[in-house]
Amino acid sequence: MSLRGRGIGSAAHVPIERFLIVGIDTRKFALSSELVQGLLTMEESGSVSTLTVQGQEYPSLDLGGQLGLGQAGDGPETRMVLLAQAGIRACIRVDQVHGLVEVERTRVLPLPRQFRSEERNWYVGLILYGDGVAIGLHARWLLSGAMQGEGGLLNQSQPVPLRLSDTSDRMRKGIAC
Amino acid sequence: MLRGAVGRQRQATSQLCHLLVFSVGGRRLAVKTEEIGGISAWVGSIPIPSCTPFISSIIRRGQAVFPVFDLAGMLKVRVKGELRLCLMAKQADGAMAICIDEEMPVLHSLDAAKIQAYRGNDIDTVGCFTDEFEDVPIIAASRLGAA
């Protein structure tokens with residue numbers, strides 16, 4: 001085997017992270033796929049402050065508000081993203097779901113050090129996505145809103161199996177991997 | 001030996017400072033060339049929700065991203081022109097981009113002794129110099145956003 005071949009082989013062992021890329025306003029955000037439990041259309045979710053899916057409650061988080069952005073709209077592409085980690089569950093409303101991407105961990109760029117304030121706790125890094133950049137959201141920070149919120153849930157019950165109700169072609173391609 | 005000493009003395013009395021003079025919102029500013037990483041066309045920035053004053057976006061260059069310092073916002077002006085320029089400032093934490101007017105920056109060499117204290121307090125400077133028109137602040141590019 002040539003050196004070049006070994007190089008390719010070793011590259012395959014680079015840790016990969018998967019992110020669901022969502023859009024709020026004009027920004028793209030990346031959510032770790034380990035955090036994402038499912039997607040619902042607005043028709044399926046309705047306008048409730050706490051979603052109940054398969055017997056599990058997902059209090060709604062205002063991610064746009066937490067980040068100083070507007071509330072996500074109510075268009076045909078609007079989705080509710082169900083999130084859970086370590087027994088904490090929540091759902092966020094996004095304007096659009098762009099798809100699922102696999103990124104080598106080394107390609108998740110750190111937030112430039114000139115960002116010095118609270119936002120350092122919000123983001124895990126920056127992910128090069130298409131011609132732009134998706135902002136990787138920190139799961140712990142994201143779900144801390146659910147822990148603090150009125151409807152926050154924290155229990156150690158069994159995780160909800162992945163449920164992806166969105167059946168559009170784009171999403172099938174994006175989530176199938 | 002004596003000749004060398006004279007040479008050093010002459011050098012000390014006429015040390016040149018190399019500046020790049022540019023404008024933001026029509027306001028003329030200067031920066032030491034040693035604090036500049038380059039100038040290119042402005043390609044648009046990607047907003048990042050942030051609490052850091054005047055740093056709330058980035059630009060992407062290939063596989064790299066750089067923070068953007070909103071110098072125009074700090075000076076309470078709006079960047080002029082359709083074909084804006086990007087000035088890259090060198091900083092200890094890495095390069096930082098600044099959007100500047102489309103007016104082409106010019107190089108300016110100045111006797112360092114002519115640099116005076118800047119009396120304004122709207123921006124962190126290393127001083128200013130006076131040309132035929134006005135006082136031109138020399139911004140401390142390496143310290144922008146550090147306050």
Side-chain angles (χ1 to χ4, degrees), chain A residues 11 14 21-31 61-72 92 94-95 98 101 103-138 141-142 144-145, chain B residues 24 31 35-38 40-75 84 86-100 123-125 139-147:
Chain A
V14 174
I21 308 295
V22 300
I24 298 177
D25 196 10
T26 57
R27 281 94 166 163
K28 290 189 179 81
F29 294 99
L31 301 163
L61 286 180
D62 180 11
L63 178 60
Q66 279 181 264
L67 293 171
L69 310 172
Q71 167 89 349
I92 58 170
V94 300
D95 289 320
H98 294 279
V101 291
V103 183
E104 289 178 10
R105 195 171 293 167
T106 54
R107 304 289 294 273
V108 180
L109 306 177
L111 190 68
R113 283 184 286 181
Q114 285 92 343
F115 287 90
R116 299 177 196 280
S117 298
E118 206 180 322
E119 66 274 7
R120 297 211 71 84
N121 299 319
W122 304 349
Y123 310 133
V124 290
L126 303 170
I127 292 121
L128 304 179
Y129 180 73
D131 294 332
V133 172
I135 307 163
L137 293 171
H138 202 296
W141 170 77
L142 189 58
S144 66
Chain B
V24 175
V31 61
E35 291 190 321
I36 300 171
S40 55
W42 183 255
V43 291
S45 59
I46 300 163
I48 305 276
S50 161
C51 295
T52 303
F54 307 112
I55 301 178
S56 57
S57 62
I58 54 168
I59 58 166
R60 178 174 169 183
R61 291 279 167 83
Q63 303 298 301
V65 296
F66 301 97
V68 174
F69 185 80
D70 183 11
L71 185 56
M74 187 182 204
L75 297 171
R84 298 168 180 184
C86 176
L87 186 152
M88 296 299 289
K90 290 181 186 172
Q91 295 205 320
D93 287 337
M96 187 158 70
I98 302 169
C99 183
I100 65 173
I123 190 168
D124 191 2
T125 71
I139 64 168
S142 60
R143 299 199 297 260
L144 280 178

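Just the heavy atoms: all of them, side chains too, but no hydrogens, waters or symmetry mates, feed the values below. We name chains A, B, ... by the order of the sequence lines, and we start the count at 1 in each one.
For Arg113(A), there are no side-chain hydrogen bond (donor to acceptor under 3.5 Å, both in side chains) partners two or more places apart in sequence or in a different chain.
Heavy atoms only, all atoms of each residue included: Ile135(A) and Pro47(B) are closest at CD1-O, 3.9 Å. Across every non-hydrogen atom of Glu119(A) and Ser50(B), the tightest pair is OE2-OG, 3.3 Å. Scanning both residues, Pro49(B) and Tyr123(A), for their nearest heavy atoms gives O-OH, 2.6 Å. In this structure, Gln114(A) and Thr52(B) approach most closely via the heavy-atom pair O-CG2, 3.6 Å.
Contact tally against chain A (heavy-atom pairs below 4.5 Å) for Ala92(B), Ala64(B), Cys51(B): the top residue is Cys51(B). Of the listed residues (Leu111(A), Thr26(A), Val133(A), Leu69(A)), the greatest number of heavy-atom pairs within a distance under 4.5 Å of chain B belongs to Val133(A).
Contacts with chain A (heavy atom to heavy atom, under 4.5 Å) involve these residues of residues 54-61 of chain B, listed by number: Ile55(B), Ser56(B), Ser57(B), Ile58(B), Arg60(B).
Looking at Arg120(A), there are no atoms closer than 4.5 Å to chain B (heavy atoms on both sides), in backbone or side chain. Looking at Gln91(B), the atoms closer than 4.5 Å to chain A (heavy atoms on both sides) all sit in the side chain, from C-beta outward. Only the side chain of Ile46(B) comes within contact range of chain A, with heavy atoms under 4.5 Å apart. Looking at Leu126(A), the atoms closer than 4.5 Å to chain B (heavy atoms on both sides) all sit in the side chain, from C-beta outward.
The number of heavy atoms from other shown groups lying within 6.0 Å of CG (Asp131(A)) does not exceed 12.
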